[in-house]
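Because only heavy atoms are used, hydrogens play no part in the values below, and waters and symmetry mates are left out as well, while side chains stay in. Since the structure is predicted, the reported quantities are computational estimates derived from the model, not experimental observations.
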Amino acid sequence: HAADFGAYGLLWAIVHEFRFEQVWPHFFVAVGYPLVPWIGVMALGYGFGGVLELPPERRHRATAGLGLLLIAAFLALRLGNVYGDPHPWAPSERGLAFSALGVLNATKYPPSLAYLLMTLGPALLSLPLLERWRGAWAGRVAVFGRVPFFYYMLHLPLIHLAALAWTWFAFGTTTLGDFWNATLPPGYAPSLLRTYLVWAVLIVVLYPLCRRYAAYKQAHRDRRWLSYL
């Protein structure tokens, strides 16, 4: 762990561990996406480009087959607790539903093998269906796929500001704390329905900005640095 490396702990965290560390007064560094295994996942993505260049029938068979293989590997490793996640799965005393949720409760920071298998597998399996999807809604969803980093960098501060505004109007306080160490206000009751509602509203709010930026990137394809944003 990063703590075992003393003053060099942050360097280890950048390689392979989630860490939130104060480096100067009022200045924090958060390592949310360590290089390992994300560099490997990105390399697989570039290599997967060769599969996407195959004729449609072969491409669909390959992506669906790979997706099913990864899902099967996830279930075998996760249910068998053979390897793949630092937190082994165990049946829950609260019943079948919570036991099933426990299977999906894989480690994301940093992503374990189980987490990568259970996310990349269904993504690959869905590619043949998404490729055939046409219509207005398909075009709207594709906007976010054209500017994923732009969307990611906007949605975090927007969510935080929205939470500050809501707690002020609902509770008369903004006791959420700083960006990373949020404190729930007294009387707050979590609601999954409200979470999905906020998610939908924020996507609608960000859509026009993402669409304009996607159009800007398309109109300025000669500026290659835009491909990274």
To the nearest 0.5 Å, what is the distance between CG (Leu52) and OG1 (Thr63)? 8.0 Å
Does one hydrophobic cluster hold both Leu66 and Leu44, with members joined at side-chain heavy-atom distances below 4.5 Å? no
Taking Asp85 for the side chain and Thr107 for the main chain, is one N or O donor matched with an acceptor at less than 3.5 Å? yes
Heavy-atom pair of closest approach, residues Pro37 and Leu116: CG-CD1, 3.9 Å
Do the non-hydrogen side-chain atoms of Leu10 and Phe5 ever get within less than 4.5 Å of each other? no
Quick check against the 3.5 Å criterion: does Arg132 have a side-chain atom that pairs as donor or acceptor with the backbone of Pro128? yes
Would you call Leu209 and Leu206 a side-chain contact if the rule is heavy atoms closer than 4.5 Å? yes
Nearest heavy-atom contact between Ser99 and Trp89 is O-NE1, 2.9 Å
Could you label the plane-to-plane angle of the Tyr213 and Tyr216 rings as parallel, tilted or perpendicular, counting under 30° as parallel and over 60° as perpendicular? parallel
Please assess Trp166 against Val198 for the test side-chain contact (heavy atoms from CB on, under 4.5 Å), listing each intermediate value before the final yes or no. CA-CA 11 Å; Trp166 181 76; Val198 171; over 6 Å; no
Side-chain contact test, heavy atoms from C-beta onward, threshold under 4.5 Å: evaluate it for Pro110 versus His16 and give yes or no. yes
Checking His220 side chain against Lys217 main chain: does a donor-acceptor pair fall under 3.5 Å? no
Answer yes or no for Arg140 and Trp137: cation-pi contact, defined as NZ/CZ to six-membered ring centre under 6.0 Å and angle to ring axis within 45°. yes
Could you tell me whether the side chain of Arg59 reaches within less than 4.5 Å of the side chain of Glu53, counting heavy atoms only? no
To the closest 0.5 Å, what do you measure between CH2 (Trp38) and CG (Leu35)? 12.0 Å
Do Asp4 and Trp12 make a side-chain contact, defined as non-hydrogen atoms from C-beta onward lying under 4.5 Å apart? no
Testing the basics here: between Leu229 and Phe150, what is the closest heavy-atom pair and its distance to 0.1 Å? O-CB, 3.6 Å
Can you check whether Lys108's main-chain N or O pairs, donor with acceptor, with Ser112's side chain at less than 3.5 Å? no
Does the Glu17 side chain pair with the main chain of His1, one donor and one acceptor, at a distance under 3.5 Å? no
Taking the side chain as C-beta and beyond, is there a heavy-atom pair between Val31 and Phe18 under 4.5 Å? no
At what distance, to the nearest 0.5 angstrom, does OG1 of Thr119 lie from CG of Leu124? 9.5 Å
Can you tell me if Ser92 uses its side chain to pair, donor with acceptor, with the backbone of Arg94 under 3.5 Å? yes
As a quick check of understanding, evaluate side-chain contact (heavy atoms from CB on, under 4.5 Å) for Leu127 and Phe48, giving each step before the final call. CA-CA 12 Å; Leu127 279 180; Phe48 187 69; 3.8 Å; yes
Distance under 6.0 Å and angle within 45° of the ring axis: does Arg78 meet both against Phe74? no
Does the side chain of Val15 come within less than 4.5 Å of Leu11's, by heavy atoms? no
In the single-linkage hydrophobic clustering (I, L, V, M, F, W, Y; side-chain heavy atoms under 4.5 Å), do Val147 and Leu130 co-cluster? no
Can Leu68 be reached from Leu104 by stepping across I, L, V, M, F, W or Y side chains whose heavy atoms are under 4.5 Å apart? yes
At what distance, to the nearest 0.5 angstrom, does OH of Tyr196 lie from OG of Ser191? 11.0 Å
Using side-chain heavy atoms (C-beta onward) and a distance below 4.5 Å, is Gln218 in contact with Arg221? yes
Shortest non-hydrogen contact from Gly121 to Leu70? CA-CB, 3.7 Å
Note: Ala64 and Leu125 closest approach over all heavy atoms is O-CD1, 3.7 Å
Is it possible for you to say whether Ile159 and Tyr207 belong to one hydrophobic cluster, with membership spreading through side-chain heavy-atom contacts below 4.5 Å? yes
Rounded to the nearest 0.5 Å, what separates atom CG in Leu197 from atom CG in Leu202? 9.5 Å
Determine, step by step, whether Tyr151 and Val143 satisfy the side-chain contact (heavy atoms from CB on, under 4.5 Å) criterion, reporting the C-alpha distance in whole Å, the side-chain angles of both residues, the deciding distance to 0.1 Å, and the verdict. CA-CA 10 Å; Tyr151 170 83; Val143 165; over 6 Å; no
Counting only heavy atoms not in Trp199, do more than 12 sit closer than 6.0 Å to its CH2 atom? no
Check whether Met118 and Phe98 end up in the same hydrophobic cluster, where Ile, Leu, Val, Met, Phe, Trp and Tyr are linked by side-chain heavy atoms less than 4.5 Å apart. no
